[in-house]
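Computation of the quantities below employed the complete heavy-atom set of this structure, encompassing side-chain atoms and omitting hydrogens, waters and symmetry-equivalent molecules.
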Amino acid sequence: MSVFNFLRQKIFINPTFWAGILLLLVALMIFNRFFFEVPFSLIEGSDFLHFVAPAQIVREGNGYLLYDVSTNFQAQRTLLGPELRISILTFRNLPFVTLIFLPFTFLSLLTALRLFGVINIVLIIFTTVLFRRYISKTPTIYLFTILFTFIPIIETLKNGQLSIFLTLLISVIYIFSTQKKDLWVGIMASLLLIKTQFVIFSPFLFLISKDKRTFFLGYMRGVLIIFLASSLIAGPGFWLHYPKYLLETEGPKFGSRVEELFTLYAFFQQIGIPKQASLILNSVLYGVSVMLFKKNYKDAGFNKSIHIYDPQAAAKFILSHVTKGDMVLFKGKEAGKVLRFLN
């Protein structure tokens with residue numbers, strides 16, 4: 001074999017070689033992001049900050065102030081010090097989410113952010129293993145390339161968001177669904193409330209489930225635990241004010257800019273429809289999508305791996321708040337298409 005033919009077969013037309021090179025470049029970029037960038041550029045503007053600050057509030061025993069905007073900003077200022085710029089984002093998740101970030105409050109902010117980044121990378125690797133085992137036998141290096149080069153995943157790693165965990169959670173829901181473990185599907189589905197707006201996925205998952213009664217029991221168990229934990233953290237009275245708080249903080253003043261969102265709700269506002277009317281129109285479209293899905297769900301359920309994310313596709317654009325990072329949850333669907341092509 002000539003040198004040219006050897007190079008051609010092993011390098012120039014070898015997808016494994018180029019996938020490896022691409023992975024190496026992404027790995028170097030991520031490593032540089034978390035360990036070589038100057039600390040203030042790593043921390044300023046990260047979503048991680050507005051998760052850790054509320055966790056610090058809870059740690060200090062002030063959970064009842066979790067949805068007080070000034071308290072949130074003061075907690076950020078305490079963590080950042082006087083030099084760095086605080087985030088305009090404020091905590092909007094349910095109180096139980098602070099439990100995820102409570103251990104990070106015992107570390108310095110920079111160390112906590114780096115550790116959270118490493119944990120997210122481990123979750124991506126674990127998600128890849130699940131894809132490899134339950135969806136496709138495609139070589140692992142292709143799976144890593146697909147997942148690690150998806151822009152929303154890089155965005156999530158950069159900003160310290162929870163979307164990678166939610167992607168893993170959806171993958172686990174898929175596995176339990178294919179194994180007809182509807183109790184666990186329901187329990188895992190309740191954890192999607194880590195992002196409150198993802199409650200709208202629940203009816204789709206309910207329709208897909210084989211044993212709907214068992215799914216409902218599992219879902220309500222999870223919701224009950226979340227309800228009790230959140231009530232203990234923030235006080236039961238917070239539930240009365242929480243919906244109003246979500247609406248009040250859904251705007252550019254708190255970092256929610258419609259031009260950066262990937263939803264119909266944002267689109268309606270961009271074309272001049274008022275905020276409240278957009279919300280009502282969104283709700284109507286959501287009801288229609290559930291009814292249409294109910295009519296045709298047997299053709300779109302978990303019976304085919306490529307359809308795992310169809311409920312998400314149906315619901316995601318009706319959410320009020322979807323950013324680039326949240327688009328990570330679409331990666332399973334796109335990965336499925338690529339894997340079917342490779343196979």
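Contact of the Phe215 side chain with the Lys210 side chain is not registered, since no non-hydrogen atoms from C-beta on lie closer than 4.5 Å. Side-chain contact check for Leu166 versus Lys195: some heavy-atom pair is nearer than 4.5 Å. Phe165 is listed as a side-chain neighbour of Ile194, based on a closest heavy-atom distance under 4.5 Å. Side-chain contact between Pro203 and Tyr286 is present, with heavy atoms from C-beta onward closer than 4.5 Å. Side-chain contact between Val122 and Ile119 is absent, with no heavy-atom pair separated by less than 4.5 Å. Contact annotation: the side chain of Ile233 never approaches that of Phe238 to less than 4.5 Å [non-hydrogen atoms, C-beta and beyond]. When side chains are defined from C-beta on, Leu192 counts as touching Leu205, because their heavy atoms get closer than 4.5 Å. Side-chain contact check for His50 versus Asp47: some heavy-atom pair is nearer than 4.5 Å.
Counting all heavy atoms, side chain and backbone alike, Leu102 lies closest to Arg59 at CD1-CB, 3.8 Å. Considering every non-hydrogen atom in both Val223 and Leu193, the closest pair reads CG2-CD1, 4.1 Å. Contact between Gly222 and Ser190 at its shortest, heavy atoms only, is CA-OG, 3.2 Å. Annotation for Leu99 and Pro103: closest pair O-CD, 3.6 Å, computed over non-hydrogen atoms. Looking at every heavy atom in both residues, Ser230 comes nearest to Leu94 through OG-CB, 4.1 Å. The nearest pair of heavy atoms linking Arg92 to Thr196 is O-OG1, 3.9 Å.
Atom OG of Ser177 is separated from atom CH2 of Trp184 by 15.5 Å, given to the nearest 0.5 angstrom. Between the CD1 atom of Ile175 and the CE atom of Met188 there is a distance of 11.5 Å, given to the nearest 0.5 Å. Interatomic distance, Leu109 CG to Gln76 CD, rounded to the nearest 0.5 Å: 10.0 Å. Atom CD of Gln74 and atom CD1 of Ile57 lie 9.5 Å apart (nearest 0.5 Å). Here the CG atom belonging to Leu107 is positioned 6.5 Å from the CG atom belonging to Leu115, to the nearest 0.5 angstrom. Ile226 contributes atom CD1, which lies 14.5 Å from atom CZ of Arg221 (distance to the nearest 0.5 angstrom).
Remark: the Tyr219 side chain and the Ser202 side chain contain an N/O donor-acceptor pair separated by less than 3.5 Å. Side-chain contact annotation: Ser171 with Tyr134, donor-acceptor N/O pair under 3.5 Å absent.
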For side chain to side chain contact (heavy atoms under 4.5 Å, CB included), just list the numbers for Leu65 and Asn72, CA-CA rounded to whole Å, side-chain angles, deciding distance to a tenth of an Å, and then say yes or no. CA-CA 8 Å; Leu65 294 172; Asn72 265 266; over 6 Å; no

Could you give me the CA-CA distance, side-chain angles and deciding distance for Leu191 and Ile187, then say whether side chain to side chain contact (heavy atoms under 4.5 Å, CB included) is met? CA-CA 7 Å; Leu191 291 178; Ile187 292 171; 5.6 Å; no

Given side chain to side chain contact (heavy atoms under 4.5 Å, CB included), test Ser289 with Phe204 step by step and report yes or no. CA-CA 9 Å; Ser289 70; Phe204 297 97; 3.7 Å; yes

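For the side chain to side chain contact (heavy atoms under 4.5 Å, CB included) with Phe101, the lone residue among Val97, Thr105, Thr98 that qualifies is Val97.
Cluster annotation: Ile100 is connected to Leu228 through the hydrophobic network of ILVMFWY side chains, with a link wherever side-chain heavy atoms come within less than 4.5 Å. Placement of Phe126 and Ile121 within a single hydrophobic cluster is found when ILVMFWY residues are connected by side-chain heavy-atom separations under 4.5 Å, directly or transitively. Both Met220 and Trp239 belong to a common hydrophobic cluster when Ile, Leu, Val, Met, Phe, Trp and Tyr are linked at side-chain heavy-atom distances under 4.5 angstrom. Residue Phe198 is grouped with residue Tyr174 when hydrophobic side chains (ILVMFWY) are merged at heavy-atom distances under 4.5 angstrom, including chains of intermediate members. By the criterion of side-chain heavy atoms lying less than 4.5 angstrom apart, applied directly or through intervening Ile, Leu, Val, Met, Phe, Trp or Tyr residues, Val129 is not grouped with Phe176; the two fall into different hydrophobic clusters.
Put simply, the side chain of Asp182 never gets that close to the backbone of Val185: no donor and acceptor are under 3.5 Å apart.
The ring-ring contact (aromatic ring centres under 6.0 Å, His included) test applied to Tyr245 returns Tyr67, not counting sequence neighbours. Annotation: ring-ring contact (aromatic ring centres under 6.0 Å, His included) contacts of Phe104 (sequence neighbours excluded): Phe48, Phe116.
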